[in-house]
Amino acid sequence: MLSRRLFQKAVAAGTMPFLLPIVPDPGRKERMTIQQLISSRVQAALAAAGAPDAPAVVQPSGKPEFGDFQANGVMGAAKALKTNPRALAQTVVDKLDLAGIAEKIEIAGPGFINIHLAPEFLAQRLQAALADDALGIRKPAAQKVMVEYSSPNLAKEMHVGHLRSTIIGDAIARVLAFIGHDVTRCNHVGDWGTQFGMLVAYLVETRQSGDAELELADLENFYRKSKIRFDEDPLFADTARQYVVKLQGGDPDVLALWAQFVDVSMHHCQAVYDKLGVGLDRTAVRGESAYNADLPVVVSDLRAAGLLVEDQGAQVVFLPEFKNPEGEPQAMIIQKKDGGYLYATTDLAAIRYRHRQLGLTRVVYVVDARQSLHFQQLFTLSRKAGFAPADMQLEHVAFGTMMGEDGKPFKTRSGDTVKLVELLDEAIERAYALVSEKNSGLPEDTRRGIAKAVGIGAVKYADLSKNRTSDYIFNWDTMLSFEGNTAPYLQYAYTRVQSVFRKAGEFDRCAAIMIAEPAEKQLALLLAQFDEVIESVAATCQPHQLCGYLFNLAQQFSRFYEACPILAAEGDVRVSRLQLAALTARTLKAGLSLLGIDVLDEM
RNA sequence: GUGCCCGUAGCUCAACUGGAUAGAGCAACGGCCUUCUAAGCCGUAGGUUACAGGUUCGAUUCCUGUCGGGUGCGCCA
């Protein structure tokens, strides 16, 4: 059972509890990140100094004058041992073996240990990354992971409310796959339930009048009209309800109509996914309807486990872990009094399936923060019912609402929801106008291509670069700016490197890296930390860490670019700087690609 | 009413989950292009981290309370 403290931390991180630590396969020799390497050495030194249980607390230094990494664990250890922290720090440093790694180790302040890396060590790390297609990214023991994301309701067209899940989920899936996990993408679309009875009933009507094809072309309108019919005509509403029953009972005629509607709606979604460039297609779709046959089984399983009771005609489970407004155990409705099922039932069936049929060990739900309580209840009940074993990680990766510039949920001027496809088209158009303004000499085709990468990249990056747990303010001008922490700035930094290579000619791709200038050292240090960032993003599902890193990297490259001439340098220095530039380009490209953002050779 | 989230520079956001003097970017002001894309770089200014207590060698981070904002809380998803 999780302690309250861990629970709070998990909530603060936007991940739900029930996480278990990722235990690396001990039989597998793994490459450690620099931070892990130093941490293990400091740990050993602490143990040798008489504090085997004290955490080393190694992290990148806050400022360059504090070295490259700092170990902060001594103060806490000294407290526990009731000794002088400076004296203990000296003992730890005396026993600290960083031969070949650090060139200088200092004690500062109350007992900080500041570690300056040896340039040769850094160079060697970068050399290894250059020689590796995956840039030296460590491969932990692969897990079977599912990322559930996007999951629109097929009754309507995709709108901006689906953007964050789609973008964030895609980035998380890419990162997890990159470090070697077996990742399944799942689009848990809403394709079942009461609304579909109404839609099928309306489809029948429009078919009779002969303009079904035309009506279906605008799903939003189709939904609106059928809703009006449902609300205004009791006969129609009755028919709609009958269709729901027939649908869930497997009536072939109604199922065929339903399938036609779902097919049209999925085509709309696919157009958005293709435009957005996220890895979703029909193979990722496993909607709510897929669990229809399992729903009665879930009910009987819960009943067999003694968890289910009848209350006011409905089948419910009471969870003492959660309190309702009256302070009594919170009820979770599994089956309505009319026999119908709810989304909790479907989600339970999905977890059951994912454990029993798919054997997943981690499931990441990229869903709006407002469903937080639902997931807490869902996960709790899944454990109790035996649908998910204790070592299966279930995480709600929550995110906030997308706001307009007025701080209210993003809408059109008239107050309607914004269709996603229209938002993306506008992004591309705006980017096209910008590119044409900045670089009118390029052929139109080229500008169109740049506009797509820049426009879509800007929308994605604006979202991904903010901590997902809070609401974020959508602003065209900020995201499409070529200055600051934006996708265009990063894409531009990449084109600058590419431009250097176009002029560099052939050079030795195995040449040695030599780190002499401060700007080279700072760039090298950042490049050597790529693996740490990726691991952290994979563990916390917080892509904004990667964005922050890439922005730092692009900025540091620009400083290096100003301070250290590349092409004008000679001999070993020239090749060394080309190597640094090459690794920077590959790291930027790989990092942006993990965010789902394309790079360009010129812009 | 109660659960959860949030409150950091004028604005948009960080702060590696308890570490050193709270950092970036916009916007403002001042420098740097006969030299690899100036869509860039360097610098200046901007803060009682909502408020009040507490724990700690150390708190934006943990605890308690207050104020403000968001969101959820039995037959929708």
Side-chain angles (χ1 to χ4, degrees), chain A residues 5 8-9 11-14 35 57 59-63 66 70 72 75-76 78-79 85 108-112 114 151 153 155 190 192-195 288 311-316 322-327 330-338 340 342-344 346-347 368-374 376 398 400-401 403 407 434-435 438-439 462 465-467 469-473 475 477-478 481-486 488-489 491-493 495-504 529 532-533 536 540 542 544-545 547-549 551-552 555 558-559 561-563 565-568 581 602-603:
Chain A
R5 183 178 211 118
Q8 302 264 359
K9 280 190 178 182
V11 170
Q35 191 166 335
V57 195
Q59 61 184 232
S61 295
K63 299 185 176 196
F66 298 151
Q70 58 182 72
N72 307 330
M75 279 92 74
K79 181 75 178 171
F112 294 102
N114 292 337
S151 308
N153 187 336
W192 208 237
T194 48
Q195 296 175 95
E288 293 174 345
D311 193 84
Q312 297 170 37
Q315 301 299 315
V316 307
F322 304 90
K323 303 293 181 194
N324 67 12
E326 283 72 48
Q330 178 85 275
M332 236 180 134
I333 297 180
I334 304 300
Q335 191 171 20
K336 296 191 285 184
K337 62 184 169 196
D338 70 1
L342 294 115
Y343 78 137
T346 309
D347 277 336
D368 194 313
R370 283 175 292 196
Q371 295 194 35
S372 168
L373 180 59
H374 165 67
Q376 287 192 48
T401 308
M403 303 295 201
L434 274 173
V435 170
K438 299 273 187 190
N439 213 340
S465 61
K466 276 127 198 146
N467 188 335
T469 56
S470 46
D471 296 342
Y472 99 98
I473 296 179
N475 182 300
D477 295 332
T478 309
S481 169
F482 292 80
E483 296 164 358
N485 190 7
T486 65
Y489 173 86
Q491 289 167 320
Y492 173 66
T495 64
R496 285 177 110 188
V497 195
Q498 292 309 102
S499 177
V500 171
F501 289 122
R502 276 196 296 274
K503 297 183 177 175
Q529 289 171 354
E532 272 152 27
V533 173
S536 180
T540 63
Q542 293 183 324
H544 82 278
Q545 293 177 6
C547 296
Y549 169 82
F551 179 59
N552 282 339
Q555 214 167 25
S558 285
R559 293 191 188 113
Y561 183 89
E562 297 278 333
I566 301 169
L567 299 178
E602 60 175 357
M603 62 188 279

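No hydrogens, no waters, no symmetry mates; every other heavy atom, side chains included, goes into these values. Keep in mind that this is a model prediction, so the values were computed, not measured. A note on names: the letters A, B, ... follow the listed sequences, proteins ahead of strands, and every chain is numbered from 1.
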K63(A) side chain: which of rC13(B), rC41(B), rG23(B) is closest? rG23(B)
Distance check needed: rC5(B) P versus N467(A) CG, whole Å only. 13 Å
Are Q59(A) and rU17(B) close enough that a side-chain N or O sits under 4.0 Å from OP1 or OP2? yes
For the side chain of K466(A) and the backbone of A462(A), is there at least one donor-acceptor N/O pair under 3.5 Å apart? yes
Using a cut-off of 4.0 Å on non-hydrogen atoms, how would the nucleic acid contact of P60(A) be classed: base, sugar-phosphate, or nothing? base
Under the side chain to side chain donor-acceptor pair (under 3.5 Å) test, which residues partner T401(A), sequence neighbours left out? none
Answer yes or no: are there more than 12 heavy-atom neighbours, outside K337(A) itself, under 6.0 Å from its atom NZ? no
If pairing means Watson-Crick or G-U wobble with both distances under 3.5 Å, then the partner of rG7(B) is rC67(B)
Where the side chain of Q330(A) is concerned, which of rG19(B), rC73(B), rU37(B) is the nearest nucleotide? rC73(B)
So do Q542(A) and N467(A) actually touch side chain to side chain, heavy atoms under 4.5 Å? yes
Rounded to whole Å, how long is the line connecting atom NZ of K466(A) with atom C1' of rU12(B)? 6 Å
Side-chain touch H374(A)/Y343(A), heavy atoms, less than 4.5 angstrom: yes
Atom NZ of K323(A) and atom C1' of rG74(B) are separated, to the nearest Å, by 16 Å
Listing time: all N or O pairs from protein to nucleotides 75-77 of chain B that are below 3.5 Å?
{"residue": "rC75(B)", "atom": "O2", "partner": "K337(A)", "partner atom": "N", "Å": "3.1"}
{"residue": "rC75(B)", "atom": "N4", "partner": "Q312(A)", "partner atom": "O", "Å": "3.0"}
{"residue": "rC76(B)", "atom": "OP2", "partner": "K336(A)", "partner atom": "NZ", "Å": "2.7"}
{"residue": "rA77(B)", "atom": "O3'", "partner": "E288(A)", "partner atom": "OE1", "Å": "3.4"}
{"residue": "rA77(B)", "atom": "O3'", "partner": "E288(A)", "partner atom": "OE2", "Å": "2.6"}
{"residue": "rA77(B)", "atom": "N6", "partner": "Y343(A)", "partner atom": "OH", "Å": "2.4"}
{"residue": "rA77(B)", "atom": "N1", "partner": "Y343(A)", "partner atom": "OH", "Å": "3.1"}

Does rA38(B) have OP1 or OP2 under 4.0 Å away from a side-chain N or O of R496(A)? yes
For rU35(B), measure the glycosidic angle (O4'-C1'-N9-C4 for a purine, O4'-C1'-N1-C2 for a pyrimidine) and name it syn if it falls within 90° of 0, otherwise anti. anti
Would F112(A) count as stacked on rA20(B) if the rule is ring centres under 5.5 Å and plane angle under 30°? yes
Taking any heavy-atom pair under 4.0 Å as a contact, classify M603(A): base, sugar-phosphate, or nothing. base
From CG of D477(A) over to P of rU12(B), roughly how many Å is that when rounded to an integer? 14 Å
Are H544(A) and rC16(B) close enough that a side-chain N or O sits under 4.0 Å from OP1 or OP2? no
Within the side chain of S481(A), is there an N or O that forms a donor-acceptor pair under 3.5 Å with the backbone of T478(A)? no
For rU17(B), the Watson-Crick or wobble partner whose two distances fall under 3.5 Å: none
Reckon S499(A) touches a base, only the sugar-phosphate, or nothing at all at heavy-atom distances under 4.0 Å? base
Please classify the nucleic acid contact of D368(A) as base, sugar-phosphate, or nothing, using heavy-atom distances under 4.0 Å. nothing
Watson-Crick or G-U wobble mate for rG74(B), both contacts under 3.5 Å: none
Could you tell me whether rC16(B) is syn or anti, where syn means a glycosidic angle within 90 degrees of zero? anti
Base-pairing mate for rC41(B) - Watson-Crick or G-U, with both contacts under 3.5 Å: rG31(B)
Could you check which of rC13(B), rG40(B), rU37(B) has an atom nearest any side-chain atom of S558(A)? rG40(B)
For V533(A), answer base if it contacts any base atom (sugar-phosphate contacts may also be present), sugar-phosphate if it contacts only those atoms, and nothing otherwise; contact means non-hydrogen atoms under 4.0 Å. nothing
To the nearest Å, how far apart are N439(A) CG and rA38(B) P? 13 Å
Rounded to the Å, how far apart are D471(A) CG and rC11(B) C1'? 17 Å
So, do F66(A) and rA20(B) meet the stacking rule of ring centres under 5.5 Å and planes under 30°? yes
For K503(A), answer base if it contacts any base atom (sugar-phosphate contacts may also be present), sugar-phosphate if it contacts only those atoms, and nothing otherwise; contact means non-hydrogen atoms under 4.0 Å. sugar-phosphate
Please classify the nucleic acid contact of I566(A) as base, sugar-phosphate, or nothing, using heavy-atom distances under 4.0 Å. base
Re rC62(B): Watson-Crick or G-U wobble partner, both distances kept under 3.5 Å, found to be rG54(B)
Any N/O pairs under 3.5 Å between the protein and nucleotides 24-33 of chain B? List them or say none.
{"residue": "rG25(B)", "atom": "OP1", "partner": "Q555(A)", "partner atom": "NE2", "Å": "3.4"}

Among rA39(B), rG1(B), rA14(B), which is the nearest nucleotide to the side chain of K438(A)? rA39(B)
Given rA15(B), is OP1 or OP2 found less than 4.0 Å from the side-chain N or O atoms of Y549(A)? no
Shortest non-hydrogen separation from R496(A) to E562(A) and the atoms involved: NH2-OE2, 4.1 Å
Considering only heavy side-chain atoms of N72(A), the closest of rC13(B), rG19(B), rA38(B) is rG19(B)
Tell me: CE of M75(A) to C1' of rU56(B), nearest whole Å? 12 Å
Do you know the tightest heavy-atom contact between R502(A) and E602(A)? NH2-CB, 4.4 Å
May I ask you to say what Q70(A) touches in the nucleic acid, namely base, sugar-phosphate or nothing, with a heavy-atom cut-off under 4.0 Å? base
Ignoring hydrogens and angles, tell me if any N or O in the side chain of E288(A) forms a donor-acceptor pair with the backbone of T346(A) under 3.5 Å. no
Write down the distance between CG (L373(A)) and P (rC5(B)), rounded to a whole number of angstrom. 12 Å
Check the side chains of S536(A) and Q545(A) for a donor-acceptor pair under 3.5 angstrom, ignoring hydrogens and angles. yes
Side-chain contact test, heavy atoms from C-beta onward, threshold under 4.5 Å: evaluate it for Y492(A) versus K438(A) and give yes or no. no
Which listed nucleotide (rC73(B), rG19(B), rU12(B)) is nearest to the side chain of I473(A)? rU12(B)
Base, sugar-phosphate alone, or nothing: which one does A108(A) contact when heavy atoms must sit under 4.0 Å apart? base
What I'd like to find out is whether the side chain of L342(A) reaches to under 4.5 Å of the side chain of K336(A), using heavy atoms alone. yes
